[in-house]
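Right, one structure below, let's go through it.
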Amino acid sequence: MTDYAEEQRNELEAIESIYPDSFTGLNCISVTLGRKVGATVETTLKFTYVDKYPDEPPLWEIYSQENLEENDTEDILTLLQQQAEENLGMVMIFTLVTAVQEKLNAIVDVMKNRQEEEKRRKEREAEEAEKVAFQGTVVTIENFLSWKANFELEMAELRRKKQKEEEQAGKPKLTGKQLFERDHNLDTSDIQFLEDAGNSVEVDESLFQDIEDLDLDENDPDFDPIEMGSDED
């Protein structure tokens with residue numbers, strides 16, 4: 001007949017020597033396990049003997065945890081169940097604790113790899129950003145035309161603002177010469193005006209003197225005194 005109380009007592013003595021601060025009661029053991037990776041990853045397991053332990057598994061619970069995700073705690077509970085079934089008939093608290101510690105180590109290793117990969121990713125992104133800043137933007141027809149259109153709009157706006165500021169400051173008007181020097185199109189404006197007028201120019205004949213009052217030169221090849229005399233008759 002198995003002396004369950006004796007086996008439990010012997011295991012408690014062994015656990016006490018390994019984990020001196022683990023006892024929370026006569027038949028209750030609490031073990032805190034953890035590992036640090038940036039932040040501390042920790043869990044506290046609480047085991048309670050049943051009357052027929054070790055032929056029956058002990059009761060357990062995750063009493064507390066720190067920096068573990070929900071799926072991690074579920075994995076730990078599943079692991080405890082598997083290990084308890086495999087070790088029925090033998091004292092198993094140390095075996096269960098060791099299995100959970102190994103699981104924590106694996107979890108921490110995954111977290112470290114994830115952190116290192118994230119760090120490498122950020123470094124690659126920083127390097128790519130630095131390359132882009134150093135090389136500048138590749139000029140294409142599309143982005144050049146877009147830049148040119150924006151540039152012309154900006155220049156037109158600057159000219160408009162400058163003109164408005166000059167007007168508000170009471171700047172004297174430019175002379176004709178200054179206007180001509182600033183706008184070379186003015187030298188063709190008069191010619192354009194005449195071309196646009198065409199045959200619409202009217203002549204005021206009253207501005208001319210009578211033909212008799214004109215002092216004509218006789219040496220003029222067109223001068224004809226007979227025709228002039230005929231006008232007197």
Side-chain angles (χ1 to χ4, degrees), residues 1-138 140 143:
M1 183 175 179
T2 303
D3 188 348
Y4 297 116
E6 179 66 20
E7 292 199 34
Q8 293 173 15
R9 188 168 45 253
N10 292 336
E11 184 179 40
L12 286 174
E13 291 177 359
I15 294 297
E16 185 179 12
S17 64
I18 300 172
Y19 306 105
D21 300 323
S22 298
F23 293 95
T24 57
L26 182 61
N27 294 319
C28 192
I29 303 172
S30 180
V31 181
T32 299
L33 306 171
R35 185 176 167 189
K36 190 171 183 179
V37 50
T40 300
V41 177
E42 186 176 272
T43 184
T44 298
L45 302 175
K46 184 177 181 181
F47 299 96
T48 303
Y49 286 142
V50 295
D51 292 340
K52 294 184 178 180
Y53 174 85
D55 287 340
E56 294 179 1
L59 303 177
W60 60 74
E61 64 176 305
I62 295 179
Y63 188 73
S64 65
Q65 62 86 18
E66 185 176 355
N67 295 319
L68 285 175
E69 297 180 0
E70 183 177 353
N71 62 308
D72 293 328
T73 57
E74 291 177 355
D75 289 345
I76 290 173
L77 292 174
T78 300
L79 176 64
L80 288 170
Q81 184 64 41
Q82 293 173 346
Q83 290 295 316
E85 291 174 357
E86 293 176 4
N87 290 277
L88 282 178
M90 300 180 291
V91 292
M92 64 181 76
I93 300 298
F94 180 76
T95 301
L96 298 179
V97 170
T98 300
V100 172
Q101 181 62 67
E102 291 177 355
K103 180 63 178 179
L104 284 179
N105 291 341
I107 292 172
V108 169
D109 289 340
V110 171
M111 294 176 65
K112 285 181 62 177
N113 292 336
R114 190 182 304 150
Q115 291 174 358
E116 291 173 358
E117 179 59 31
E118 180 66 13
K119 181 180 178 182
R120 287 192 293 267
R121 184 185 66 79
K122 290 181 178 180
E123 290 175 349
R124 289 195 299 269
E125 290 179 352
E127 291 176 358
E128 291 297 327
E130 186 177 356
K131 288 180 181 179
V132 171
F134 178 76
Q135 293 175 354
T137 303
V138 178
T140 64
N143 60 29

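For the single chain, residues carry numbers from 1 onward in sequence order. What you see below is based on every heavy atom in this structure, not just the backbone, and it leaves out hydrogens, waters and symmetry mates. Quantities reported herein were computed from a predicted structural model and do not represent experimental measurements.
- Sorted by first and then second residue, the pairs that involve residues 66-85 and meet side chain to side chain donor-acceptor pair (under 3.5 Å), not counting sequence neighbours, are Gln81-Glu85.
- A search for salt bridge (charged side-chain N to carboxylate O under 4.0 Å, His left out) contacts involving Glu125 returns Arg121, not counting sequence neighbours.
- With a 4.5 Å cut-off on side-chain heavy atoms, Thr44 and Ser30 count as touching.
- Taking OG1 of Thr48 as the reference point, atom CH2 of Trp60 lies at 11.5 Å (rounded to 0.5 Å).
- A 4.5 Å side-chain heavy-atom check between Glu11 and Pro54 finds every atom pair outside the cut-off.
- Between the side chain of Asn143 and the backbone N or O of Thr140, at least one donor-acceptor pair lies under 3.5 Å.
- For the atom pair CG (Asp51) and OH (Tyr4), the distance works out to 10.0 Å, reported to the nearest 0.5 Å.
- A salt bridge is absent between Glu127 and Arg124; no separation between the charged side-chain nitrogens and carboxylate oxygens falls under 4.0 Å.
- Counting heavy atoms from C-beta outward, Val41 and Leu104 have side chains that approach closer than 4.5 Å.
- Residues Phe47 and Tyr53 have side chains not in contact (no heavy-atom distance under 4.5 Å, counting atoms from C-beta outward).
- Between the CZ atom in Arg114 and the NZ atom in Lys112 there is a gap of 13.5 Å [rounded to 0.5 Å].
- Between Lys103 and Ile107, some side-chain heavy-atom pair lies under the 4.5 Å cut-off.
- In this structure the side chain of Leu80 never reaches within 4.5 angstrom of the side chain of Pro57, judged on heavy atoms.
- Summarising the geometry of Pro58 relative to Met92, their closest heavy-atom pair is CD-SD, 3.8 Å, with the distance given to 0.1 Å.
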Practice problem: Given side chain to side chain contact (heavy atoms under 4.5 Å, CB included), test Tyr19 with Ile29 step by step and report yes or no. | Solution: CA-CA 10 Å; Tyr19 306 105; Ile29 303 172; over 6 Å; no
Exercise. Show the numbers, then the answer: is there a side chain to side chain donor-acceptor pair (under 3.5 Å) between Glu117 and Asn113?
Key: CA-CA 6 Å; Glu117 179 59 31; Asn113 292 336; over 6 Å; no
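- Looking at Ile18 and Phe94, their side chains come closer than 4.5 Å, going by heavy atoms from C-beta outward.
- With respect to Lys119 and Glu116, no salt bridge is recorded, no charged nitrogen being found less than 4.0 Å from a carboxylate O.
- Residues that satisfy the side chain to side chain donor-acceptor pair (under 3.5 Å) test with Asn87, not counting sequence neighbours, are absent from this structure.
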Quiz item: Between Leu68 and Thr43, does a side chain to side chain contact (heavy atoms under 4.5 Å, CB included) hold up when you go through it step by step?
Solution: CA-CA 8 Å; Leu68 285 175; Thr43 184; 4.0 Å; yes
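- The structure places CG of Leu45 at 5.5 Å from CG of Leu33, a figure rounded to the nearest 0.5 Å.
- The distance from the CD atom of Gln65 to the OG1 atom of Thr32 is 12.5 Å, given to the nearest 0.5 Å.
- Rounding to the nearest 0.5 angstrom, the gap separating the CD atom in Gln8 from the NZ atom in Lys52 is 12.5 Å.
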